[in-house]
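Each residue takes its place number in the sequence, starting with 1. Since the structure is predicted, the reported quantities are computational estimates derived from the model, not experimental observations. Read the numbers this way: they start at 1 and go in the same order the structure lists the ligands and their atoms.
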Amino acid sequence: MRILVTGGAGYIGSHTVVVLQDAGHEVVIVDDLSNSSASAVDRIAEIAGKVPELHQVDLCDRDALFEVFSRTRPEAIVHFAALKAVGESVAQPLRYYRNNLIGGLNLFEAMGEHDCRTLVFSSSCTVYGGAPALPLREGAPTWAVSPYGWTKVMLEQILTDLHAADGRWRIGSLRYFNPVGAHPSGRLGEDPRGMPNNLLPFITQVAVGRRERLTVFGADYPTPDGTCVRDYIHVVDLAEGHLAALRRLQDRGGYHTWNLGTGRGHSVLEVIAAFERATGIAVPYEVAGGRPGDIAASYADPSRANEELGWRSDTSLETICADAWRWQQANPDGYPN
Ligand code: UD1
C-alpha cells in the first residue's frame with residue numbers, strides 16, 4: 001500500500017516508517033519538522049534501503065495538505081503529527097487545541113475527499129485520566145487532566161462519530177503507554193529539543209554528561225518503592241503495533257481502540273537500576289517533590305491488542321536501556337540538524 005505517515009520524521013513516526021517500509025509498503029511522510037529533523041528521514045532511508053518521500057507541510061495548512069493528497073493518492077494514513085508536551089499544553093491550551101484538533105480535522109477531511117478511509121491514530125494512555133483502576137482496559141471511561149490529553153480524547157470521539165456516520169471508515173486508535181528506547185542500529189532515537197520532559201531521555205543525557213543529575217519526581221507515592229510506576233514499551237515494538245493494526249483494519253474494518261503496552265509496570269528507581277545494569281554507568285539522582293499531574297501508577301492490560309492484532313511487546317527494560325544508550329552515545333547531541 002501507499003501509506004501517508006504524518007509526523008513520520010518524529011520519534012515514534014520514524015521507527016514506524018522503517019517497519020512499514022520493511023513490510024513492503026511505500027511511505028509518504030508529511031511533517032512540518034517543528035519537533036523533528038530531516039536527518040531522521042536520511043537515517044530511515046539508510047536503515048530501510050528506501051527513501052521515503054518527505055513533504056514539509058503543517059497539517060493546519062489545509063490547501064498544502066490537500067495538494068499532497070492529490071499528488072500522492074495514499075491508501076492508508078498513520079497519524080502521529082501533534083504537539084505532545086503535557087506541561088506546555090497547560091500553559092498554552094489554545095496552541096494545543098488549534099494544532100492538534102484543526103490539524104486532525106483537516107487530515108480527516110482530506111481523507112474523505114480523496115476516498116482514503118483507513119486510519120491508524122496515535123492516541124495515548126492519557127485518555128484514561130487521573131484516577132484509573134489498574135490494569136487499564138480499553139472499556140474504561142475516558143477523561144483527561146491536561147489540554148494535551150483532551151485533544152486525544154476529543155480526536156478519539158471525532159473518529160468514533162466518523163465511523164458511526166459512515167461504516168466505510170476503518171480506524172484504529174492506538175493508546176500508547178510509555179514509548180522508550182531506540183532503533184537497535186543506534187541511528188534512530190528520541191531527540192527532544194531543550195530540557196527533556198520524559199524519564200529515559202533525561203537518564204541518557206545524564207549518562208552522556210549533558211546533565212549533572214536526574215531529579216526523581218516524588219518518592220512517597222503509594223507504590224512498592226514510593227516512586228511512580230509506568231508501562232515502558234520499546235519503540236520498535238510500538239512501531240510494529242501500527243503495522244499489525246493496519247493489517248487488522250484491512251481484513252476486518254471497524255472502529256477500534258487498542259492499548260499498546262507490555263502489561264508490566266516499573267518504578268522510576270527500577271528504570272535507573274536497569275539502566276545501570278545494562279550500561280555499567282551510574283546515574284546520579286536526587287529525590288524531589290512529585291510533578292504536578294503525575295499519577296502514582298499506570299500500566300496496560302494489553303490483551304485486546306495481543307488477541308486481535310496478534311501483537312505483543314515483551315522487550316526487557318535492560319534491552320530498552322541498552323538501545324537508548326547506543327543511540328545517545330552515537331548521537332550525544334541528537335540529530336545533526
Ligand atoms: C508523559 C505524559 C503523557 C505522555 C507521555 C509521552 C505527563 C504527566 N505525562 O507520561 O501524557 O503521553 O509522557 O511519552 O507529562 N520522571 C522523573 N524525572 C524526570 C522525568 C520523569 O522522575 O526527569 C518520572 C515521572 O514522574 C514519571 C516517570 O518518570 O513517574 C515517567 O515520566 P515520563 O517519561 O515523563 O512519562 P509520563 O509522565 O508517564
Side-chain angles (χ1 to χ4, degrees), residues 7 10-13 15 35 80 82-91 96 100 121-132 134 136 142-153 155-156 173-182 189-192 194-207 210-235 238 259-262 265-275 283-300 317 320-321 324:
Y11 172 46
I12 307 172
H15 289 83
N35 189 29
F80 294 101
L83 297 173
K84 60 158 196 173
V86 175
E88 188 179 68
S89 80
V90 174
Y96 270 68
N100 293 4
F121 171 58
S122 176
S123 189
S124 165
C125 63
T126 198
V127 302
Y128 295 114
L134 295 171
L136 293 158
T142 57
W143 187 254
V145 291
S146 70
Y148 157 75
W150 279 116
T151 68
K152 295 296 181 190
V153 173
L155 286 163
E156 283 199 3
S173 289
L174 303 185
R175 295 175 174 171
Y176 311 152
F177 281 69
N178 287 62
V180 283
E190 190 167 9
D191 180 18
M195 182 81 92
N197 290 313
N198 299 115
L199 179 61
L200 239 292
F202 209 105
I203 289 177
T204 58
Q205 289 195 9
V206 170
R210 277 172 70 178
R211 319 251 166 220
E212 206 175 320
R213 68 173 67 80
L214 173 74
T215 304
V216 172
F217 296 137
D220 52 5
Y221 286 99
T223 59
D225 65 20
T227 63
C228 291
V229 167
R230 295 288 183 273
D231 185 337
Y232 295 95
I233 173 173
H234 195 295
V235 65
L238 187 68
N259 280 344
L260 296 188
T262 67
H266 292 287
S267 73
V268 176
L269 296 183
E270 283 173 346
V271 175
I272 297 170
F275 185 87
V283 179
Y285 67 85
E286 64 189 4
V287 173
R291 186 171 60 176
D294 270 351
I295 53 171
S298 159
Y299 51 90
L317 211 43
I320 285 171
C321 290

- Looking at Y176, Y285, Y221, F217, the heavy atom closest to atom 23 (O) of ligand 1 belongs to F217
- Item | 4.0 Å heavy-atom contact, Y232 with ligand 1 | yes
- Task: Name all residues meeting the side-chain hydrogen bond (donor to acceptor under 3.5 Å, both in side chains) criterion together with R175; count only those two or more places apart in sequence or in a different chain, and write none if there are none.
- Result: Y128, E156
- Would you check whether L199 has a nitrogen or oxygen atom less than 3.5 angstrom from a nitrogen or oxygen atom of ligand 1? yes
- How far apart are the closest heavy atoms of V271 and C321, and which atoms are they? O-SG, 4.3 Å
- Task: Find the distance between CG (D231) and CG (L260) and round it off to the nearest 0.5 Å.
- Result: 10.0 Å
- Task: Would you check whether V86 has a nitrogen or oxygen atom less than 3.5 angstrom from a nitrogen or oxygen atom of ligand 1?
- Result: no
- Which heavy atom of the protein is the closest neighbour of atom 8 (C) of ligand 1, given with residue, atom name and distance? D294 OD1, 3.3 Å
- For V216, take its heavy atoms, then give the atoms of ligand 1 lying under 4.0 Å from any of them. 22 (O)
- Relative to the heavy atoms of C228, which atoms of ligand 1 are at a distance of less than 4.0 Å? 30 (O)
- Short version for Y148: what comes under 4.0 Å of ligand 1, heavy atoms counted, is side chain
- Item | Atoms of ligand 1, numbered as shown, that sit under 4.0 Å from any heavy atom of T126 | 11 (O)
- Task: Starting from atom 39 (O) of ligand 1, locate the nearest protein heavy atom and write down its residue, its atom name and how far away it is, to 0.1 Å.
- Result: R230 NE, 2.6 Å
- Note on the structure: When every non-hydrogen atom of T227 is compared with those of S267, the smallest separation belongs to OG1-CB, 3.2 Å
- Message: If I compare all heavy atoms of Y232 with all of L317, which pair ends up nearest, and what's the gap?
- Response: CB-CD1, 4.1 Å
- Query: Numbering the atoms of ligand 1 from 1, which are under 4.0 Å from a heavy atom of N178?
  - Reply: 10 (O), 36 (O), 37 (P), 39 (O)
- Considering non-hydrogen atoms only, spot the tightest contact between Y148 and S124 and give its length. OH-CB, 3.7 Å
- Please report the shortest heavy-atom distance between F202 and P196, naming the atom on each side. CD1-O, 3.6 Å
- Query: Which bit of T227 is near ligand 1, meaning a heavy atom under 4.0 Å away: side chain, backbone, both or neither?
  - Reply: neither
- For the pair Y96 (side chain) and G149 (backbone), establish whether a donor and an acceptor sit closer than 3.5 Å, ignoring hydrogens and angles. no
- Specify the protein heavy atom at minimum distance from atom 24 (C) of ligand 1: its residue, its atom name, and the distance to 0.1 Å. V268 CG2, 3.8 Å
- Item | Partner residues of Y176 under the side-chain hydrogen bond (donor to acceptor under 3.5 Å, both in side chains) criterion, sequence neighbours left out | S122, H242
- So does E286 have more than 12 non-hydrogen atoms from other groups sitting under 6.0 Å from CD? yes
- Numbering the atoms of ligand 1 from 1, which are under 4.0 Å from a heavy atom of S124? 12 (O)
- Message: Can you tell me which residue among V229, D294, I295 is in a side-chain contact (heavy atoms from CB on, under 4.5 Å) with Y221?
- Response: D294
- Considering only the protein, which heavy-atom contact is closest to atom 6 (C) of ligand 1, and what is its distance? N198 ND2, 4.1 Å
- Got the closest protein heavy atom to atom 32 (O) of ligand 1, with its distance? R291 NH2, 3.5 Å
- Atoms of ligand 1 under 4.0 Å from any heavy atom of T215, numbered from 1 in the order shown, are 17 (C), 18 (N), 19 (C), 22 (O), 23 (O)
